[in-house]
Amino acid sequence: MNNAADISPETRPAESDGGGSGPRPTIKINVSYGSSHHEVHLPAQSTFGDVKKLLFNKTGLEPEAQRLFFRGIEKGDNEHLHLEGVKDKSKILLLEGTASKERKLEETRRQNEMSKAFEAIAGVRAEVDKLSSRVTAIEVAINGGNKASEKEFLVLSELLMSQLLKLDGIEAEGEAKLQRKAEVQRVQNLVDKLDSLKARNSNPFSNSANAVTVTTQWETFDSGMEAQMPHPISHLQQK
C-alpha cells in the first residue's frame, strides 16, 4: 500500500528491533541556547527527555529547568524525536524555565546579602578588637595598684554600646547569623568585665575574694551587692 511506503524506517522502531537488523540509527541535533550552540548525538527513537539529560552535561542546566522547542512548539519529556519529525541535523531551541531563573536570582540576592553581612560583622570585629585592648590596659593598671579615670570607663561603655547597636542592625542568615551572635556575646562579655573593673577601681582596697561577679544576664550578684551596681544597658535584649 502507498501509505506503508510513505513511512520512513525511523518511524517504525519495531522493525529496527528485529533480529539482525543492526543498531538503531543515530542522529545529530543542533541545539541553540542563548548565544551558545550545542550538538547532541543520540538514537532517532530517543525522547526529548533523553535530549535534556545530554544537555545537562553541556550546559549545567538541570533537566527539570529545561524547556525544549521544536518548530516553535514546546515538547514534553516523553515525546519521541522521530515521531515528532526530528531528523538528522534538525534544530531545537533550549530555554531556561522561569522558575529556575527566579531561583537563581533569589540565590544571587541571598549571596550578596550574606557577603554584606560578613563585611559588616568584620568591621565591628575590628573595632571591638581595639576596645578589647583598651579594657585589657585598664585591667593591667588596676592589677598594678593604679586607678583609671572615670571618663575612660564612660567612653568605653558608650563605644561598646555603639558596637552592639551596629550588630543589632545587621541582617544575617546562616553562618553570618552565627558570627553576629558570637560577636554580640563577645561585646557583652567586655561590658561585664568593664563593670567589674569599674567596681574595683572605685574600691581599690577590695580583694579578689570580695570582688563582685556579674552574669551576662545581669541577674545575680555576689556578696549582697544588688542595689549597688545597676547595669547601664540592662534594657537591651540579645537578638
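This one's a predicted model, so the numbers in the text were calculated from it and none came from an experiment. Computation of the quantities below employed the complete heavy-atom set of this structure, encompassing side-chain atoms and omitting hydrogens, waters and symmetry-equivalent molecules.
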Check: Glu79 side chain, Gly76 main-chain N or O, donor-acceptor pair, under 3.5 Å
yes
Transitively linked via ILVMFWY side-chain contacts under 4.5 Å: Leu131 with Val184?
yes
Within the distance-only criterion (no hydrogens, no angle test), does the side chain of Arg180 pair as donor or acceptor with the backbone N or O of Ile170 below 3.5 angstrom?
yes
Side-chain donor-acceptor contact under 3.5 Å, Thr47 with Asp50:
yes
Ser202 side chain reached by Glu150 side chain, heavy atoms, under 4.5 Å
yes
CD/Glu152 to OG/Ser157 distance, rounded to the nearest 0.5 angstrom?
9.5 Å
Taking only residues at least two apart or on different chains, which pairs with a member in residues 30-41 satisfy salt bridge (charged side-chain N to carboxylate O under 4.0 Å, His left out)?
Lys28-Glu39
Is it true that atom CG of Asp129 has more than 12 heavy atoms of other residues, nucleotides or ligands lying nearer than 6.0 Å?
yes
Taking the side chain as every heavy atom from C-beta outward, state whether Lys58 and Val40 have any pair of such atoms under 4.5 Å apart.
yes
Evaluate Arg109 against Glu113 for salt bridge (charged side-chain N to carboxylate O under 4.0 Å, His left out), listing each step before the verdict.
CA-CA 6 Å; Arg109 183 192 66 79; Glu113 289 184 354; 2.6 Å; yes
So which heavy atom on Ser35 is nearest to which on His37, and how close?
O-CD2, 4.0 Å
Is it the case that Asn189 and Gln185 place a side-chain donor and acceptor less than 3.5 Å from each other?
yes
Nearest atoms (heavy-atom pairs only) where Gly97 meets Arg67
CA-CD, 3.9 Å
Applying a strict under-4.5 Å side-chain criterion to I, L, V, M, F, W and Y, I'd like to know whether Leu81 and Phe69 cluster together.
no
For Lys91, the salt bridge (Lys or Arg N to Asp or Glu O under 4.0 Å) test, sequence neighbours excluded, returns none
State whether the side chain of Gln66 and the backbone N or O of Leu61 hold a donor-acceptor pair below 3.5 Å, judged by distance alone.
yes
Enter the distance from His80:NE2 to Gln45:CD here, rounded to the nearest 0.5 Å.
8.5 Å
Residue list, side-chain hydrogen bond (donor to acceptor under 3.5 Å, both in side chains) with Asp77, at least two apart or on another chain
Lys52
Evaluation steps, salt bridge (charged side-chain N to carboxylate O under 4.0 Å, His left out), between Lys104 and Glu96:
CA-CA 11 Å; Lys104 288 183 178 180; Glu96 182 177 1; 3.2 Å; yes
Please report the C-alpha distance between Arg134 and Leu159 in whole Å, then the side-chain angles of each, then the deciding distance to 0.1 Å, and finally whether the side-chain contact (heavy atoms from CB on, under 4.5 Å) criterion is met.
CA-CA 11 Å; Arg134 293 174 65 174; Leu159 291 175; 3.6 Å; yes
Report yes or no: do Phe56 and Leu42 belong to one cluster of Ile/Leu/Val/Met/Phe/Trp/Tyr joined by side chain heavy-atom distances under 4.5 Å?
no
So, for Phe70 and Ser90, which heavy atoms are closest and what is the spacing to 0.1 Å?
CE1-CB, 4.0 Å
Which salt bridge (charged side-chain N to carboxylate O under 4.0 Å, His left out) pairs, counting each pair once, include a residue from residues 135-146, with sequence neighbours left out?
Glu139-Lys193
For Leu54 and His41, run side-chain contact (heavy atoms from CB on, under 4.5 Å): C-alpha distance rounded to whole Å, both residues' side-chain angles, the deciding distance at 0.1 Å, then the answer.
CA-CA 9 Å; Leu54 295 177; His41 298 79; over 6 Å; no
Taking Thr136 for the side chain and Ser132 for the main chain, is one N or O donor matched with an acceptor at less than 3.5 Å?
yes
May I have the step-by-step check of salt bridge (charged side-chain N to carboxylate O under 4.0 Å, His left out) for Glu127 and Lys130, ending in yes or no?
CA-CA 5 Å; Glu127 291 300 317; Lys130 298 176 183 178; 3.7 Å; yes
Ion pair present between Lys116 and Glu119, side-chain N to carboxylate O less than 4.0 angstrom?
no
For Phe48 versus Val86, what's the shortest heavy-atom pair and its separation?
CZ-CG2, 3.8 Å
Common cluster, Leu178/Leu164, ILVMFWY with side-chain heavy-atom separation under 4.5 Å
no
Distance from Leu156 atom CG to Lys151 atom NZ, nearest 0.5 Å?
12.0 Å
Hey, could you give me the OG/CD1 distance between Ser149 and Ile138, rounded to the nearest 0.5 Å?
7.5 Å
Separation between OG (Ser196) and CG (Asn201), nearest 0.5 Å, reads 11.0 Å
Given Met161 and Val191, is the side-chain contact (heavy atoms from CB on, under 4.5 Å) satisfied, shown in steps?
CA-CA 9 Å; Met161 172 65 73; Val191 173; over 6 Å; no
Under the salt bridge (Lys or Arg N to Asp or Glu O under 4.0 Å) test, which residues partner Glu84, sequence neighbours left out?
Lys75
Cluster link Ile92 to Tyr33, ILVMFWY, side chain under 4.5 Å:
yes
Where Gly85 and Arg71 come nearest, the two heavy atoms and their spacing:
O-NH2, 3.6 Å
If you measure from CG on Leu93 to CD1 on Ile73, what distance do you get to the nearest 0.5 Å?
13.0 Å
Show your working on side-chain contact (heavy atoms from CB on, under 4.5 Å) between Val31 and Thr59 and close with a plain yes or no.
CA-CA 11 Å; Val31 181; Thr59 65; over 6 Å; no
For Glu183, which residues count as a salt bridge (Lys or Arg N to Asp or Glu O under 4.0 Å) partner, sequence neighbours excluded?
Arg125, Arg186
